[in-house]
Amino acid sequence: MTSVAEPSAGLVVVRASVSDPLVEPLLRELEWEYSSRYGGDARGELNRYPAEEFAPPHGVLLLVLENGEPIAGGAFRRYDDSTAELKRIWTAAAHRRRGLARRVVAELEREAEARGYRRIHLTTGPRQPEARGLYLATGYTPLFDTDADPETVGPLPFEKHLDPDSTRTGKA
């Protein structure tokens, strides 16, 4: 585990591997969220990509810790040579409405830009309106008809072109 950001209001952002025990709450809550919204076993979705895809040099998994406990996190993997794909954006249920998801997205954007990526791609499920709202609020361009019923679209794709100046200054 490696710290990647200065502590802020008792929070610290660290890099972790998928096998780190601190990642378990993220995986457990995401599995519950996916299963409750879409039915079935979400473990297949969580295991779709090998853990090494979320490790340097092409990927990263970040956790936000408060008093040593994981309360938010997310990851990216290589989508193509110039594009990172955000995955597993999570905020612990007891810590929502604190802006933590925005912080995770901003930290992931900084990490991606530092690794030479110039674009972010992601998808979110049609039954995750709070994720859709997060990406719209943080400058992501929807690659779907936002007036359509999300259930008819399927996974909702978004993209964002990274501006090296804005990610370094925290404007992202």
Side-chain angles (χ1 to χ4, degrees), residues 1-37 42-43 45-47 49 51-78 84-117 119-125 127-140 158 160-172:
M1 190 169 37
T2 307
S3 179
V4 296
E6 291 298 314
S8 167
L11 302 178
V12 64
V13 179
V14 298
R15 289 185 193 101
S17 68
V18 173
S19 63
D20 188 315
L22 286 174
V23 176
E24 183 54 35
L26 177 150
L27 297 174
R28 185 177 54 250
E29 282 197 33
L30 284 176
E31 182 177 9
W32 182 86
E33 286 280 342
Y34 295 165
S35 294
S36 66
R37 292 178 193 232
R43 187 143 313 263
E45 170 59 26
L46 290 171
N47 292 322
Y49 305 103
E52 56 269 13
E53 289 193 27
F54 300 106
H58 303 299
V60 72
L61 189 152
L62 299 178
L63 293 173
V64 176
L65 304 180
E66 184 172 58
N67 301 318
E69 295 296 319
I71 61 169
F76 68 74
R77 61 185 284 277
R78 177 177 284 222
E85 180 181 23
L86 296 191
K87 303 295 285 179
R88 316 294 183 247
I89 307 302
W90 163 78
T91 300
H95 295 277
R96 294 186 179 154
R97 312 290 305 162
R98 293 176 55 188
L100 295 167
R102 281 179 180 255
R103 178 160 183 187
V104 167
V105 169
E107 295 286 351
L108 289 169
E109 289 172 359
R110 278 190 276 282
E111 282 278 324
E113 194 275 325
R115 292 168 194 249
Y117 292 112
R119 178 178 169 262
I120 302 276
H121 169 81
L122 65 90
T123 59
T124 192
R127 297 180 187 167
Q128 295 173 264
E130 54 286 286
R132 175 185 166 157
L134 168 68
Y135 302 128
L136 291 171
T138 54
Y140 282 78
F158 291 85
K160 185 176 191 178
H161 293 274
L162 296 176
D163 175 359
D165 293 328
S166 71
T167 55
R168 279 195 203 103
T169 60
K171 295 178 191 171

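- Side chains of Ile89 and Gln128 form no contact here, defined as non-hydrogen atoms less than 4.5 Å apart.
- The pair Arg103-Glu66 fails the salt-bridge criterion, with no side-chain N (NZ, NE, NH1 or NH2) lying under 4.0 Å from an Asp/Glu carboxylate O.
- When all heavy atoms of Leu162 and Ala112 are compared, the closest pair comes out as CD1-CB, 4.1 Å.
- Here Glu130 pairs with Arg37 in a salt bridge; the nearest charged N to carboxylate O distance falls below 4.0 Å.
- Listed for the Arg96 side chain is a donor-acceptor partner under 3.5 Å among the backbone atoms of Thr91.
- Ion pairing between a basic and an acidic side chain is recognised when a charged N comes within 4.0 Å of a carboxylate O; Glu45 and Arg88 show such pairing.
- Separating the CD atom in Glu109 from the CG atom in Asp163 is a distance of 10.5 Å, to the nearest 0.5 Å.
- Not one N or O on the side chain of Lys87 forms a donor-acceptor pair closer than 3.5 Å with the backbone of Tyr49.
- At least one side-chain heavy atom of Arg115 sits under 4.5 Å from a side-chain heavy atom of Pro56.
- Expressed to the nearest 0.5 Å, how far CD1 of Ile71 lies from CZ of Arg98 amounts to 4.5 Å.
- At least one side-chain heavy atom of Arg102 sits under 4.5 Å from a side-chain heavy atom of Leu134.
- The nearest pair of heavy atoms linking Trp90 to Pro70 is CH2-O, 3.7 Å.
- Under the 4.0 Å criterion applied to side-chain N and carboxylate O atoms, Glu113 and Arg110 are not assigned as salt-bridge partners.
- By the 4.5 Å heavy-atom criterion applied to side chains, Ile120 and Leu108 are not counted as neighbours.
- Atom CZ of residue Phe54 and atom CD of residue Glu85 lie 7.5 Å apart, to the nearest 0.5 angstrom.
- For the pair Ala16 and Leu63, the tightest heavy-atom approach, listed with the atom from each and the gap, is CB-CD1, 4.0 Å.
- Considering every non-hydrogen atom in both Ala131 and Thr124, the closest pair reads CB-OG1, 3.3 Å.
- Going from atom OG of Ser19 over to atom CD of Glu52 covers 11.0 Å, rounded to the nearest 0.5 Å.
- When atom types are taken as modelled, the side chain of Tyr117 and the backbone of His58 share a donor-acceptor pair closer than 3.5 angstrom.
- Glu29 places a side-chain N or O within donor-acceptor distance of the main-chain N or O of Ala93, the cut-off being under 3.5 Å.
- The nearest pair of heavy atoms linking Leu26 to Gly74 is CD1-N, 4.1 Å.
- A heavy-atom distance below 4.5 Å is not found between the side chains of Phe158 and Leu86.
- Between Ala72 and Leu100, the shortest heavy-atom contact is CB-CB, 3.9 Å.
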